[in-house]
Structure formats: C-alpha cells, structure tokens
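Encoded as structure tokens, the structure appears first; notes follow it.
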Amino acid sequence: GNHVALIVNSGAAVKYAAGTGASTVARLSVDMGSGSQVDVANNTLYVNYGNNADPATTIRSYLASGYNNGGWNGAGIMSSAAQSNPTFSLGYADSADGIVSGLAPNTIEVRYTLTGDLDLNGVVNGADFTVLSQSFGKTEKSWDAGDLDYNDVVNGSDFTALSQNFGKSDNGSAVALSAAD
C-alpha cells in the first residue's frame with residue numbers, strides 16, 4: 001500500500017508479505033542500531049522524497065547493513081526471499097542519477113531482482129554488463145552503477161555476480177540475447 005512515513009525503531013521489524021507488489025513511502029527511517037528491519041521479501045519499495053533532501057546515501061546504508069555480507073539478514077532493509085535464493089538481491093536506483101529510465105522524479109526504487117540487473121528491468125543482459133564495465137575499479141558506486149555487494153567498489157566480485165545471471169530474466173527463463181546485448 002501507500003504510506004505517509006515508515007519509521008521502524010527499537011528493534012522492531014516490518015515484513016512485507018511475499019508477492020504483495022509495490023509500496024510507496026514518503027519517508028523511511030530504520031533504527032539500525034537497535035536491529036530494526038524492513039523485510040521487502042520479493043517486492044518493490046519506492047521512497048518518494050518529494051522536495052526533501054535526496055536520501056540515497058541513507059537508503060544505501062540501510063541496504064548495505066541488511067545485505068550483511070550476502071546473508072540478507074542484517075538490520076536495515078533486507079530480504080527474506082533473497083536469503084533463500086542467492087541468485088536474487090535487493091537492487092536500488094535513484095531517479096536523480098538518471099540511470100534507470102521511467103523512475104518517477106524524486107524517487108528511489110528498491111527492488112527484489114536478479115543479482116546483476118543494474119537497470120531493474122528484470123533481465124541481466126549486455127546493458128547491465130556495459131554499465132558495470134564502465135564503473136569497474138571505481139569507488140563509491142551505487143547498485144545501478146555496478147556495486148552489487150554494497151562494498152563501495154565495483155570489482156571482480158561484482159563482475160562474477162553479474163556473470164552468474166547473465167542471460168536470465170527474473171521470471172526464471174533464459175532470454176534471447178542479440179548482438180547488442
């Protein structure tokens with residue numbers, strides 16, 4: 001559903017039911033120090049920040065903490081669905097960086113998707129590989145620029161993660177790749 005604000009304090013947890021689709025919040029605050037969690041499961045979360053400051057750095061920190069070195073069980077934004085299916089992760093994109101097309105202005109999308117799906121379109125293909133290769137070796141990158149393990153650098157680990165899903169779609173089928181992919 002749509003919410004005005006989602007504030008998770010004092011070790012509390014918010015768990016989205018699997019397959020409930022997309023939710024939009026105007027503000028998201030997670031007390032990671034107390035172990036609070038937002039479990040996106042296999043859904044999409046939109047943070048529409050309107051005219052407020054862009055919270056991309058904060059959202060990324062929630063995701064990095066929830067990722068917990070690949071366990072997807074840490075405080076912050078995590079995914080119980082990704083815990084049991086390591087080919088999937090929570091990717092994110094900020095409309096301000098212009099990498100993911102069709103994202104509403106002043107919005108951050110957090111989506112359960114295949115690891116390597118940088119543009120959050122449900123397919124890992126040449127477009128994703130190209131973006132990752134252009135960011136290779138650079139630091140302080142976002143998911144949609146190739147930092148798939150939230151360690152602030154696009155490196156061989158990210159390349160390996162993308163390559164394991166190359167040519168796959170998030171519905172479990174292989175995709176036909178053209179010469180452009």
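None of these values were measured; they are calculated from a predicted model.
Under the 4.5 Å side-chain contact rule for hydrophobic residues, I99 and Y49 do not share a cluster. Linking Ile, Leu, Val, Met, Phe, Trp and Tyr whenever their side-chain heavy atoms come within less than 4.5 Å leaves V153 and Y67 in two separate clusters.
When all heavy atoms are compared, the tightest approach of G91 to T113 is N-CG2, 4.3 Å. Closest of all the heavy-atom pairs between A17 and N43 is O-ND2, 2.9 Å. Of all heavy-atom pairs between G146 and V154, the closest is C-CG2, 3.7 Å. The heavy-atom pair separating G19 from N42 by the smallest distance is N-OD1, 2.6 Å. Heavy atoms only, all atoms of each residue included: W143 and D117 are closest at NE1-O, 3.1 Å. Contact detail for S79 and A41: the closest heavy-atom pair is OG-O, 2.7 Å.
Remark: D147 does not engage K141 in a salt bridge, criterion side-chain N to carboxylate O under 4.0 Å. Checked for salt-bridge contact, R60 and D152 meet the test: a charged N lies under 4.0 Å from a carboxylate O.
Side chain of D149 to backbone of D158: no donor-acceptor contact under 3.5 angstrom is found. When atom types are taken as modelled, the side chain of N106 and the backbone of G50 share a donor-acceptor pair closer than 3.5 angstrom. Not a single donor-acceptor pair under 3.5 Å links the side chain of N165 to the backbone N or O of L162. Although no hydrogens or angles enter the test, the distance criterion places no donor-acceptor pair under 3.5 Å between the side chain of S135 and the main chain of L132. Of the possible polar contacts, none joining the T115 side chain to the A161 backbone as a donor-acceptor pair under 3.5 Å is found. Between the side chain of D128 and the backbone N or O of N125 there is at least one donor-acceptor pair closer than 3.5 Å. In this structure, S34 contributes its side chain and G11 its backbone to a donor-acceptor pair below 3.5 Å. Remark: the backbone N or O of S157 is not paired with any side-chain donor or acceptor of T160 at under 3.5 angstrom. Side-chain N or O atoms of S65 include none that pairs as donor or acceptor with a backbone N or O of S61 at under 3.5 Å.
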Between Y46 and L103, is a side-chain contact (heavy atoms from CB on, under 4.5 Å) present by the stated rule, with each step listed?
CA-CA 10 Å; Y46 294 98; L103 194 53; 3.9 Å; yes
Kindly indicate, with the supporting measurements, whether the criterion side-chain hydrogen bond (donor to acceptor under 3.5 Å, both in side chains) is fulfilled by D31 and S36.
CA-CA 5 Å; D31 181 2; S36 296; 5.1 Å; no
May I have the step-by-step check of side-chain contact (heavy atoms from CB on, under 4.5 Å) for M32 and Q37, ending in yes or no?
CA-CA 7 Å; M32 294 187 308; Q37 295 178 319; over 6 Å; no
Steps toward salt bridge (Lys or Arg N to Asp or Glu O under 4.0 Å) verdict (D119, R111):
CA-CA 10 Å; D119 55 11; R111 180 178 182 201; over 6 Å; no
Quick one, Y112 with T44, criterion side-chain contact (heavy atoms from CB on, under 4.5 Å). Give me CA distance, side-chain angles, the key distance, then yes/no.
CA-CA 6 Å; Y112 176 77; T44 302; over 6 Å; no
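With no hydrogens or angles considered, a side-chain donor-acceptor pair links N73 and N68 at under 3.5 Å.
The side chain to side chain contact (heavy atoms under 4.5 Å, CB included) with Y62 is formed by just one residue from the set L28, V38, V110, L90; it is L28. Tested against T107, the residues D94, T24, V100, N48 include a single side chain to side chain contact (heavy atoms under 4.5 Å, CB included) partner, N48.
Here the two rings, on F136 and F159, have centers that are 6.0 Å apart or farther.
Within the model, atoms CG of D39 and CG of L45 stand 11.5 Å from one another, a figure rounded to the nearest 0.5 Å.
In this structure the side chain of E109 reaches within 4.5 angstrom of the side chain of L120, judged on heavy atoms. Considering only heavy atoms from C-beta on, V131 stays 4.5 Å or farther from D144 through its side chain. Within the 4.5 Å cutoff, no side-chain heavy atoms of T58 are placed close to those of V30. Using a 4.5 Å heavy-atom threshold, the side chains of Y16 and S23 count as touching. Residues S142 and D97 meet the side-chain proximity criterion, which asks for heavy atoms closer than 4.5 Å. At least one side-chain heavy atom of N151 sits under 4.5 Å from a side-chain heavy atom of N155.
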